[in-house]
S.K.: 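Next up is a structure, given as C-alpha cells.
Each ligand, and each atom within it, is numbered from 1 in the order the structure gives. This structure is a prediction, so every number in the text was calculated from the model and none was measured.
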Amino acid sequence: GSAAPQFFMEKPDLKFEDVGGMNKVKQEISMKIIQPLKNPELYKAFGKKTGGGILLYGPPGCGKTYLAKATAGEIDAKFINIGLHDILDMWMGNSEKNLHEVFMQARENAPCVLFFDEVDAIGASRSDMKGSSMRHVINQFLAEMDGVENSNEGVLILAATNAPWSVDSAFRRPGRFDRVVFVAPPDVEGRAQILTQHLKHKPAETIDIAGIAKITEGYSGADLKAVVDIATEYKLEESLAKGRIEKITTKDLQKAVKQHKATTSEW
Ligand code: ATP
C-alpha cells in the first residue's frame with residue numbers, strides 16, 4: 001500500500017455574482033444544497049430530506065467548475081476539486097481507498113464542497129481495469145455518498161460531466177445525484193455579464209458590451225475569457241512599446257473575437 005493521497009483544498013473568494021448568467025442553475029444549487037445547510041430546521045419542518053448532490057452537465061468551458069467553486073465561496077466553505085481520472089487507479093483496491101480518503105478529508109473540513117469532475121469516468125470500461133473492479137469502485141462511491149459509515153453533514157457534493165448518458169444509473173437514485181442540471185452555453189445576456197466580469201479589473205475604455213455579446217453566439221464562458229485575454233495581450237504589448245497604459249477598446253475585442261472562434265458549436 002502507498003501513503004494516503006493528499007488532495008488539494010482551497011477556500012475560494014469567488015461568489016455567485018462573479019459567475020455570469022446561469023440564474024436557473026444557481027437557484028437549483030441554492031435550494032438543494034445551500035439553503036438546507038443554512039436553514040436545516042426549515043427543511044425539516046417541511047419534511048424535505050436533505051443531502052445528495054447535483055450533477056451538472058453540458059459542453060466544456062461553460063462554467064461548471066467555476067460555479068462549483070463559487071458555491072463554496074457563497075457559504076465560506078472549503079473546496080476540493082477531484083478529477084475522477086486522478087482517483088481511478090489500476091491497482092485493485094487503490095481507487096476505493098482514494099475515494100474514501102477524499103470523502104474523509106471533506107468531512108474533516110466541513111463545510112466543504114466536494115466537486116467531482118469527469119464523473120462519467122466511473123463505470124466507463126477501461127482497458128487497464130477489469131469490469132468487476134470498476135463495480136467495486138462504484139459501490140464504494142455510492143456507500144461514501146450515502147454516508148453509510150460516516151456522516152456527510154456539511155459536505156456538499158457536486159459533480160460534472162460532458163457525457164451524462166455515460167454516468168452509471170445507480171448514481172441518479174434519490175439521495176444521490178437526484179438533480180441533473182444542464183449548464184447551457186450562455187445566452188446573449190449571460191455573455192454580456194461574463195464579458196463584464198472578466199473586464200472588471202482591467203484598464204478599458206467604455207466598451208460596447210452588448211455589441212460584443214451579440215457577435216459571440218455559441219461562445220462559452222471560457223471562450224469569452226479567451227477573447228478578453230487576447231484583447232488584453234494586444235494592449236499590454238502596445239502599452240509596453242509606448243511606455244504608458246493603453247486601454248482596451250471595443251475594436252480590440254472585435255478583433256479578438258475574429259481570432260478566437262467558439263468551441264461549443266457541436267452542442
Ligand atoms: P470543463 O467541462 O472543460 O471542465 P467547465 O464547464 O468546468 O468546463 P470552467 O472550467 O468552469 O468550465 O470554465 C473555464 C473558465 O471560463 C473559468 O475559469 C472562467 O474564467 C470562465 N467562465 C466560464 N463560465 C463562466 C461564467 N459563467 N462566468 C464567468 N466566467 C466563466
Side-chain angles (χ1 to χ4, degrees), residues 7-8 10-30 53-74 79-88 113-122 124 156-167 177 179-202 204 207 209-210 212-213 216-233 248 253 256-257 259-267:
F7 299 98
F8 178 69
E10 59 186 310
K11 188 126 187 291
D13 283 327
L14 206 64
K15 294 273 163 24
F16 271 1
E17 62 178 34
D18 301 314
V19 183
M22 299 210 213
N23 293 329
K24 219 185 123 234
V25 189
K26 288 178 191 170
Q27 175 70 10
E28 292 253 9
I29 292 180
S30 176
I54 296 182
L55 177 63
L56 306 170
Y57 77 98
C62 288
K64 297 182 289 295
T65 308
Y66 207 55
L67 186 63
K69 210 183 224 188
T71 302
E74 278 289 310
F79 180 69
I80 304 179
N81 180 355
I82 300 292
L84 251 303
H85 289 287
D86 304 334
I87 278 210
L88 296 180
V113 172
L114 192 46
F115 177 66
F116 292 100
D117 208 354
E118 315 162 319
V119 81
D120 48 281
I122 271 202
L156 313 183
I157 304 169
L158 288 170
T161 178
N162 302 321
W165 48 87
S166 308
V167 175
F177 294 109
R179 303 290 307 155
V180 181
V181 181
F182 180 51
V183 177
D187 61 11
V188 70
E189 247 168 68
R191 295 199 294 278
Q193 282 174 27
I194 294 169
L195 288 163
T196 305
Q197 226 15 271
H198 286 283
L199 282 164
K200 200 160 72 181
H201 301 295
K202 306 211 154 139
I207 304 279
I209 294 279
I212 302 298
T216 46
E217 170 95 61
Y219 281 59
S220 70
D223 289 330
L224 295 170
K225 180 180 187 295
V227 165
V228 172
D229 285 345
I230 291 167
T232 303
E233 215 40 42
I248 298 169
L253 288 164
V257 168
Q259 208 178 313
H260 184 96
K261 293 293 170 207
T263 55
T264 64
S265 48
E266 67 273 29
W267 277 72

S.K.: For R191 and T216, indicate whether the former's side chain and the latter's backbone hold a donor-acceptor pair under 3.5 Å.
M.R.: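 It does hold such a pair.
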
S.K.: List in chain and number order the residues that pass side chain to side chain contact (heavy atoms under 4.5 Å, CB included) with A204, two or more places apart in sequence or in another chain; answer none if no residue qualifies.
M.R.: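 By the side chain to side chain contact (heavy atoms under 4.5 Å, CB included) rule, A204 matches I207, I248.
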
S.K.: Under a plain distance cut-off of 3.5 Å, with no hydrogens placed, do K24 and Q27 share a side-chain donor-acceptor pair?
M.R.: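 Result is no, nothing qualifies.
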
S.K.: Heavy-atom distance under 4.5 Å between the side chains of H260 and Y219, does that happen here?
M.R.: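 Counting from C-beta outward, H260 and Y219 do come under 4.5 Å.
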
S.K.: Taking atom types as modelled, find out whether D120 and T161 have a side-chain donor-acceptor pair closer than 3.5 angstrom.
M.R.: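 Yes, a side-chain donor-acceptor pair sits under 3.5 Å.
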
S.K.: Report all protein residues having a heavy-atom distance below 4.0 Å to some atom of ligand 1; order the list by chain, then number.
M.R.: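 Around ligand 1, where the cutoff is 4.0 Å for heavy atoms, the contacting residues are D18, V19, G20, M22, P60, G61, C62, G63, K64, T65, Y66, D117, N162, I194, H198, G221, A222, K225.
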
S.K.: So, for L195 and A213, which heavy atoms are closest and what is the spacing to 0.1 Å?
M.R.: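 Result for this residue pair: CD1-N, 3.9 Å.
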
